[in-house]
Number of protein chains: 2
Amino acid sequence: MQQSSQFTADVEPSIPGLSRYAELATDLRARILRGQWEPGQALTAEAELARAYGVALGTIRQAIALLVDQGLLERRHGKGTFVKAGLGGASMLRFFRFRHADSSQAPTSRILNRKRIPADAATSQALTIPENAPVLALERLRSIAGQPCLLETIMLPLPLFEPLASSDPAAWGDLLYPEYQRRCGVVVHQAEDQLSFDTLGASNARRLGLTKGHPCVRVRRRAYDLTGRCVELRITLGDAFDFEYTAHVR
Amino acid sequence: MQQSSQFTADVEPSIPGLSRYAELATDLRARILRGQWEPGQALTAEAELARAYGVALGTIRQAIALLVDQGLLERRHGKGTFVKAGLGGASMLRFFRFRHADSSQAPTSRILNRKRIPADAATSQALTIPENAPVLALERLRSIAGQPCLLETIMLPLPLFEPLASSDPAAWGDLLYPEYQRRCGVVVHQAEDQLSFDTLGASNARRLGLTKGHPCVRVRRRAYDLTGRCVELRITLGDAFDFEYTAHVR
DNA sequence: CAGTGGTCTAGACCACCGC
DNA sequence: CGGTGGTCTAGACCACTGG
């Protein structure tokens with residue numbers, strides 16, 4: 001009898017030169033990106049997947065292990081295997097230690113500016129969109145205990161982020177990534193931060209409560225969704241004397 | 001018949017609450033630290049180990065996998081499983097991009113200063129030795145294409161590094177970690193870098209060919225051997241405007 | 001060619017979770 | 001309790017390495 005469950009994989013043709021578990025991982029990844037399982041949701045059980053694909057348990061487990069250390073899946077003993085939820089959004093703080101911060105105080109954030117503009121060269125390249133394509137530009141000030149500490153310029157491709165162009169910024173939370181997900185269905189899954197040093201111009205210095213020419217750290221972040229598409233370009237400026245970062249070398 | 005190969009493990013008592021492969025990993029780790037296999041040398045083959053320990057192949061493979069992603073072992077298909085050799089030593093460059101450097105030019109290094117001193121508080125704490133215990137203090141200038149770029153202050157515990165206190169620094173190579181290994185038997189296996197920002201004092205600025213008060217990055221490195229003991233404290237200073245670092249967030 | 005790690009199977013039983 | 005992932009076995013065969 002022909003089984004016709006929507007979850008049964010159309011067994012893909014064996015790809016020569018690729019191990020069985022690598023094929024399975026590729027197929028699972030495709031199904032996840034296709035949205036068959038939402039972020040935060042549990043995958044079909046290993047045993048069931050093994051049956052569906054017609055492989056041994058160990059093989060499907062190897063495939064899952066691959067996606068786990070690619071950061072796409074997460075195992076929870078006794079509960080299931082879950083599609084990873086997006087980044088929280090507080091990750092910019094890890095580069096800075098703020099002297100005046102009493103323990104792990106949550107930063108507040110305020111949108112200073114929001115406008116639609118055509119993408120400049122750097123933005124279009126980072127977001128892989130045509131030059132002059134429309135983007136939403138945000139300027140945002142983050143503070144801890146009332147002290148301004150980080151100034152951010154954020155570029156978001158339109159029309160993907162259209163909901164953010166029309167809704168009231170005052171209604172947004174202090175973290176942006178959850179808003180991306182809630183309002184635009186965009187899940188930020190990983191990011192790449194490029195750090196360098198610079199000095200502040202007059203207007204940026206004023207907004208951070210510092211003097212013109214003050215040394216600052218510049219974090220250029222590109223954030224990516226599950227499919228690997230770059231969905232955000234963000235430039236963050238902060239006082240260089242607040243900067244501290246630990247890296248492990250192996 | 002009793003087998004008496006020197007490699008046969010005295011089968012350790014099963015540790016309750018710990019999986020078999022975790023036990024095996026612990027035992028293998030101990031044997032490696034004990035020096036049963038030197039860094040760079042191949043481990044006994046998986047099949048042989050499985051026989052010796054009286055477990056299935058898959059179990060010993062899981063144990064080895066643990067040590068591999070702890071960075072202690074390295075597998076090479078068709079050749080064997082090897083104890084990881086130490087760090088090369090050029091790793092400080094990864095924080096800096098030097099504009100004048102023609103591609104990946106190797107840096108040269110010169111010892112400016114070498115003396116025995118009693119450990120100050122910070123040094124003794126980092127190296128976990130008593131305060132005022134003897135250390136070897138090195139000052140070292142690294143250059144690319146004749147341009148001074150990094151100034152380092154290095155603290156090494158004595159008597160472990162005694163060979164470096166007596167030999168001629170001119171005979172040392174441009175990388176220190178290989179010298180640690182060759183002359184003192186110390187293998188640097190991993191390190192932790194703590195980055196922060198500062199401005200140069202007059203004397204340091206002079207040695208780097210910069211002006212007093214110039215912005216600089218300060219990298220405080222603690223280097224560890226295979227056993228996890230801290231064997232080096234190093235403070236590196238470099239021009240902040242040459243600094244660039246990329247971090248991945250997941 | 002012999003020796004190594006890499007893949008895969010078809011089972012068994014254990015440990016954790018939540019109802 | 002049933003369902004999940006975690007551990008372990010005892011094999012088979014494949015793929016890479018080097019003499």
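What you see is a predicted model, and the numbers here were worked out from it, not measured in a lab.
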Check the pair A/W172, A/S167 against side-chain hydrogen bond (donor to acceptor under 3.5 Å, both in side chains), reporting the backbone distance first and the verdict last. CA-CA 9 Å; A/W172 301 353; A/S167 68; 3.0 Å; yes

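- Residues A/R220 and A/L233 form a side-chain contact, since some pair of their non-hydrogen atoms from C-beta on lies under 4.5 Å apart.
- The side-chain heavy atoms of A/V217 and B/F243, taken from C-beta on, include no pair separated by under 4.5 Å.
- Nearest-nucleotide positions on DNA chain C place A/V55 closer to the 5' end than the other of A/V55 and A/K79.
- Of all the residues in residues 59-78 of chain B, B/R61, B/R75, B/R76, B/H77, B/G78 reach under 4.0 Å from DNA chain C with at least one non-hydrogen atom.
- Here CD1 of A/I60 is found 8.5 Å from CZ of A/R20. Values are rounded to the nearest 0.5 Å.
- In summary, A/E192 and A/R222 engage in a salt bridge, as defined by a charged side-chain N under 4.0 Å from a carboxylate O.
- Summarising the geometry, atom OH belonging to A/Y245 is positioned 4.5 Å from atom CZ belonging to A/R94; distances are rounded to the nearest 0.5 Å.
- Nucleotides of DNA chain D lying under 4.0 Å from heavy atoms of chain A occupy a range whose first and last members, 5' to 3', are D/dG3 to D/dT7.
- Axis angle between the ends of the helix from C/dC1-D/dG18 to C/dG18-D/dC1, five pairs each and rounded to 10 degrees, works out to 20°.
- Screening B/L87, B/V187, B/V231, B/L156 against B/Y180 for a side-chain contact (heavy atoms from CB on, under 4.5 Å) leaves a single residue, B/L156.
- Side-chain contact between B/Y53 and B/D27: present, with at least one pair of heavy atoms (C-beta onward) separated by less than 4.5 Å.
- Side-chain contact check for B/L73 versus B/I32: some heavy-atom pair is nearer than 4.5 Å.
- To the nearest 0.5 Å, atom CG of residue B/L49 and atom OG1 of residue B/T59 are 12.5 Å apart.
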